[in-house]
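Since the model is a prediction, treat every value here as computed from it, not as a measurement.
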Amino acid sequence: MTGPRPAIAGDWCYRPHPLPDATPQAVCFPHAGGDVTAFAGLAAALAPDLEVWAIRLPGRGGRFGDPMPAGFPDLVSAVADGLSAYLRPGSLFYGQSFGALLAYEVARALPSALRPRIVVPACAAPPPGWPGSIPPTSEGASDLLERCGLATALPADETIRELAVAAIRTDLTVCRGYHYRPDPVPDFPIHAVAGSSDAGLPPATLAGWADATTGAFTASVEPGGHLLATPLTSGPAGLLRTLHARS
């Protein structure tokens with residue numbers, strides 16, 4: 001028996017496993033170079049408690065021909081505008097790597113009534129650490145894929161890998177325009193996550209996320225590498241279900 005067919009909502013939202021309208025949302029933001037396919041396994045694992053709404057970034061997948069906004073603030077505004085019409089009360093935001101920073105800033109940009117119940121940044125330095133933690137876009141393709149956790153997550157097909165590298169370079173270039181604004185500090189809770197096998201992010205780094213909110217802050221180390229949710233894994237489904245129930 002197959003599950004429900006994926007659905008699209010506007011330009012920015014992809015629903016890998018659609019559920020009834022009353023279902024709480026887990027809005028998921030992909031890593032640099034990533035696409036909505038990263039959250040297919042997570043969506044199936046979270047059903048029926050949470051419905052994944054994956055953010056569809058330009059320049060890949062079904063939006064291959066769409067240009068990426070020129071700067072990080074423009075990207076944040078575009079995502080917030082495109083997402084706000086579909087947000088349900090009490091959502092959870094999850095982002096990994098580049099997507100963690102995007103999830104945090106989109107949550108800040110939303111009107112208070114639409115902000116998530118909790119933001120879960122995974123495998124990412126806290127906001128003041130960007131863009132210093134961004135690898136140079138001049139790195140070779142194999143090095144970029146390794147740094148971004150995609151070396152083993154992609155098929156061996158050379159065309160697919162070249163497209164992924166191009167998307168990574170675009171995302172990192174946009175992210176270099178990010179400048180952290182400490183005020184006003186939001187009050188939504190944050191639970192920061194590190195991957196147990198992520199050599200690029202020491203778990204102690206997560207403590208810096210505490211300064212990104214005046215609300216509750218918690219952190220944990222979860223099984224996995226730099227990318228916890230991939231097309232082949234369900235990622236931190238148990239953690240997200242627990243955090244949503246607690247918040």
Side-chain angles (χ1 to χ4, degrees), residues 3 6 13-17 19 23-55 57 88 90-107 116-127 133 147-154 188-210 212-213 215-247:
C13 301
Y14 180 84
R15 303 166 64 191
H17 193 98
L19 295 171
T23 307
Q25 293 167 304
V27 182
C28 297
F29 298 73
H31 48 276
D35 197 10
V36 294
T37 54
F39 303 115
L42 180 63
L46 285 176
D49 303 304
L50 287 163
E51 182 187 351
V52 165
W53 285 61
I55 297 300
L57 294 178
R88 303 166 189 162
S91 62
L92 174 151
F93 278 17
Y94 170 77
Q96 48 191 24
S97 193
F98 164 83
L101 184 66
L102 184 59
Y104 172 75
E105 290 296 346
V106 169
R117 178 182 295 182
I118 187 170
V119 175
V120 185
C123 307
S133 62
R147 278 182 179 264
C148 294
L150 290 170
T152 59
L154 291 174
F188 46 72
I190 290 177
H191 182 93
V193 181
S196 58
S197 303
D198 186 359
L201 186 79
T205 306
L206 299 180
W209 279 97
T213 182
F217 170 76
T218 50
S220 64
V221 177
E222 302 297 324
H226 186 60
L227 301 180
L228 300 182
T230 73
L232 302 177
T233 66
S234 60
L239 172 68
L240 298 187
R241 186 180 288 108
T242 298
L243 290 174
H244 186 269
R246 289 177 182 172
S247 58

Quiz item: Do Q25 and T23 have side-chain N/O donor and acceptor atoms under 3.5 Å apart?
Solution: no
Quiz item: Atom CD in E51, atom NE2 in H17: separation rounded to 0.5 Å?
Solution: 8.5 Å
Quiz prompt | A40: side-chain contact (heavy atoms from CB on, under 4.5 Å) partners, not counting sequence neighbours | solution = none
Quiz prompt | For H226 against S97, the heavy-atom pair lying closest together | solution = NE2-OG, 2.9 Å
Quiz prompt | Closest non-hydrogen atom pair, W53 against C13 | solution = CE3-CB, 3.6 Å
Practice problem: Would you please test C123 and L227 for side chain to side chain contact (heavy atoms under 4.5 Å, CB included) and show each step? | Solution: CA-CA 7 Å; C123 307; L227 301 180; over 6 Å; no
Quiz item: Considering all heavy atoms of both residues, which atom of P6 and which atom of Y14 are nearest to each other, and what is their separation?
Solution: CB-OH, 3.2 Å
Quiz prompt | Straight-line distance of H191 NE2 to W209 CH2, nearest 0.5 Å | solution = 12.5 Å
Practice problem: Quick one: pull up CD1 in I118 and CG in L243 and give me the separation to the nearest 0.5 Å. | Solution: 4.5 Å
Quiz item: Taking only residues two or more places apart in sequence, or in another chain, which ones meet T233 in a side chain to side chain donor-acceptor pair (under 3.5 Å)?
Solution: T230
Quiz item: Has the side chain of D198 got a donor or acceptor atom that lies under 3.5 Å from a matching backbone atom of G200?
Solution: yes
Quiz prompt | Closest contact, heavy atoms only, A124 versus L206 | solution = O-CD2, 4.5 Å
Quiz prompt | Intermediate values then yes/no, side chain to side chain contact (heavy atoms under 4.5 Å, CB included), V193 and V120 | solution = CA-CA 7 Å; V193 181; V120 185; 3.8 Å; yes
Quiz item: In Å and rounded to the nearest 0.5 Å, what is the CD1 to CZ distance from I190 to F93?
Solution: 12.5 Å
Quiz prompt | Straight-line distance of L92 CG to R117 CZ, nearest 0.5 Å | solution = 9.0 Å
Quiz item: Between L19 and R88, which heavy-atom pair has the shortest distance, and what is it?
Solution: O-NH2, 4.4 Å
Practice problem: With rounding to the nearest 0.5 Å, note down the distance linking NE2 in H244 to CG in L46. | Solution: 10.0 Å
Self-check item: Verdict with reasoning, L240 to Y94, per side chain to side chain contact (heavy atoms under 4.5 Å, CB included)
Solution: CA-CA 8 Å; L240 298 187; Y94 170 77; 4.0 Å; yes
Practice problem: Please determine which of V36, L42, I55 meets the side chain to side chain contact (heavy atoms under 4.5 Å, CB included) test together with C28. | Solution: L42
Practice problem: For residues Q96 and L228, report the shortest heavy-atom separation together with the two atoms involved. | Solution: OE1-N, 3.4 Å
Exercise. Measure from the side-chain N and O atoms of Y104 to the backbone N and O of A212, and report whether any donor-acceptor pair falls under 3.5 Å.
Key: yes
